[in-house]
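These numbers come from a predicted model, not from an experiment.
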Amino acid sequence: MTYEQIRKDPAIRTYISQADASLKALGYTEHSFAHVTTVAERCEYILKTMGYPDRLIELSKISAFLHDIGNLVNRVDHSQSGAVMAFRILDKMGFEAEETAMITTAIGNHDEGTGVPVSPLAAALIIADKSDVRRSRVRNTDPSTFDAHDRVNYSVTETSLRIDEKRAEIILELSVNTDMVSIMDYFEIFLERMIMCRKAAQKLGLRFRLIINDQRLV
């Protein structure tokens, strides 16, 4: 079974669309196909750059595409409910038990507060997910009514995630419009996520670096 089969499956696409519709109703940023595809591409980049096997890279992309389906049930504990949903989907599709277990574990550990980078696959998913900060994820078209998450995401005009040539550091670099938010506003929202990224980087044998407006902060 492949990432492309998962990506094109009608039932899975329905679950992702409905999960995102629920988050839209709650006022959350975009968690639909743009987000999960970005996360899948970043998982692939991280693990391929670090020399992991092709099949593990494929599993990381599948994990990324499925990682937010738990929002279909409820935003609270969505990583755990998403892991249970993914287990059922993958088992029904005929995935081998070992691969189903790896994907389920990664999804169940991707969210801050409860997640831990227990494997390279989980670590890649954490970094890929938490680094997806960008203006286009904001749905609200009225800046005067932005909440804190809207303001921070909207203020990010450019994002890049890269591993240095020595494969020693993974660097998240952001360009932030400080007319809209301060750097402290970013940390107020994302500090827990950045700490999680640091731990995930360590699992991959890397140091995590955060650069905002050409200033190294982590």
Side-chain angles (χ1 to χ4, degrees), residues 1-48 52-134 136-140 149 153 193 200:
M1 300 296 291
T2 67
Y3 168 67
E4 283 302 310
Q5 288 173 288
I6 294 294
R7 190 178 68 83
K8 294 177 181 178
D9 185 87
I12 291 171
R13 296 187 72 85
T14 297
Y15 301 150
I16 293 172
S17 294
Q18 186 55 55
D20 185 57
S22 296
L23 292 185
K24 182 178 181 180
L26 293 170
Y28 282 85
T29 53
E30 181 267 326
H31 283 71
S32 190
F33 299 110
H35 173 59
V36 297
T37 301
T38 296
V39 176
E41 291 170 350
R42 290 186 175 179
C43 281
E44 180 179 31
Y45 165 72
I46 291 166
L47 293 181
K48 182 176 288 187
Y52 283 91
D54 289 343
R55 186 57 185 169
L56 186 68
I57 295 169
E58 191 78 357
L59 297 182
S60 77
K61 293 165 68 178
I62 293 169
S63 301
F65 202 77
L66 297 175
H67 81 279
D68 271 339
I69 58 172
N71 287 304
L72 181 67
V73 179
N74 198 294
R75 179 61 180 173
V76 178
D77 295 330
H78 76 280
S79 57
Q80 281 77 32
S81 53
V84 174
M85 288 179 66
F87 178 89
R88 182 184 182 279
I89 290 167
L90 299 172
D91 186 57
K92 186 178 179 180
M93 294 179 76
F95 272 74
E96 294 182 3
E98 182 179 2
E99 294 188 346
T100 299
M102 293 168 69
I103 293 169
T104 301
T105 297
I107 293 172
N109 278 281
H110 84 269
D111 200 41
E112 61 267 21
T114 58
V116 178
V118 294
S119 66
L121 199 159
L125 179 58
I126 287 166
I127 296 171
D129 180 39
K130 305 314 171 193
S131 65
D132 187 21
V133 186
R134 50 187 163 85
S136 57
R137 292 192 70 184
V138 178
R139 309 180 206 261
N140 189 347
H149 285 85
N153 276 278
R193 300 180 191 184

With sequence neighbours left out, which residue pairs that include part of residues 74-94 fulfil the ring-ring contact (aromatic ring centres under 6.0 Å, His included) condition?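 Of all non-adjacent pairs touching residues 74-94, those that pass ring-ring contact (aromatic ring centres under 6.0 Å, His included) are His78-His110.
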May I ask you to decide whether Arg193 forms a salt bridge with Asp111, counting only side-chain N to carboxylate O separations under 4.0 Å? no
Going by side chain to side chain contact (heavy atoms under 4.5 Å, CB included), name the residues that satisfy it together with Ala200, two or more places apart in sequence or in a different chain. Pro117, Ala123, Ile126, Ile127
Using every non-hydrogen atom in the two residues, find where [X] and [Y] come nearest and quote the distance to one decimal.
X	Y	answer
Ile16	Phe33	CG2-CE2, 3.8 Å
Ile107	Ser79	O-CB, 3.4 Å
Met102	Leu56	CE-CD1, 3.3 Å
Gln80	Thr114	NE2-OG1, 3.5 Å
Ala64	Leu125	CA-CD1, 3.7 Å
Ser63	Leu121	OG-CD2, 3.2 Å

I'd like to check the side-chain hydrogen bond (donor to acceptor under 3.5 Å, both in side chains) partners of Asp9; sequence neighbours left out, ordered by chain and number. none
Gln5 meets the side-chain hydrogen bond (donor to acceptor under 3.5 Å, both in side chains) criterion, sequence neighbours left out, with Thr2
Applying side chain to side chain donor-acceptor pair (under 3.5 Å), which residue pairs with at least one partner in residues 82-106 are found, sequence neighbours left out? Arg55-Glu99
Calculate, to the nearest 0.5 Å, the distance between atoms [atom1] and [atom2] belonging to [X] and [Y] respectively.
X	Y	atom1	atom2	answer
Leu59	Asp54	CG	CG	11.0 Å
Phe65	Glu4	CZ	CD	9.0 Å
Ile62	Ile6	CD1	CD1	5.0 Å
Phe95	Met1	CZ	CE	5.0 Å
Leu23	Asn71	CG	CG	4.0 Å
Ile89	Leu66	CD1	CG	6.0 Å

Go through the structure and list residues passing ring pair (Phe, Tyr, Trp, His ring centres under 6.0 Å) with His35, not counting sequence neighbours.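 Partners of His35 by the ring pair (Phe, Tyr, Trp, His ring centres under 6.0 Å) criterion, ordered by chain and then number, come out as His31, His67.
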Under 3.5 Å, side chain of Thr37 to main-chain N/O of Ala34, donor-acceptor pair present? no
Flag, side chain of Asn153 to backbone of Val133, donor-acceptor distance under 3.5 Å: no
Between Arg134, Lys24, Arg139, which is the residue that forms a salt bridge (charged side-chain N to carboxylate O under 4.0 Å, His left out) with Glu30?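 Only match with Glu30 under salt bridge (charged side-chain N to carboxylate O under 4.0 Å, His left out): Arg134.
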Does a sphere of radius 6.0 Å around OH in Tyr15 hold more than 12 heavy atoms from other residues, nucleotides or ligands, not counting ones at 6.0 Å or beyond?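 Counting neighbours around OH of Tyr15, 12 or fewer heavy atoms of other residues, nucleotides or ligands fall under 6.0 Å, so no.
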Decide yes or no on side chain to side chain contact (heavy atoms under 4.5 Å, CB included) for Ile12 and Met93, but give the supporting numbers first. CA-CA 11 Å; Ile12 291 171; Met93 294 179 76; 4.2 Å; yes
Less than 4.5 Å apart, any side-chain heavy atom of Lys61 and any of Arg7? no
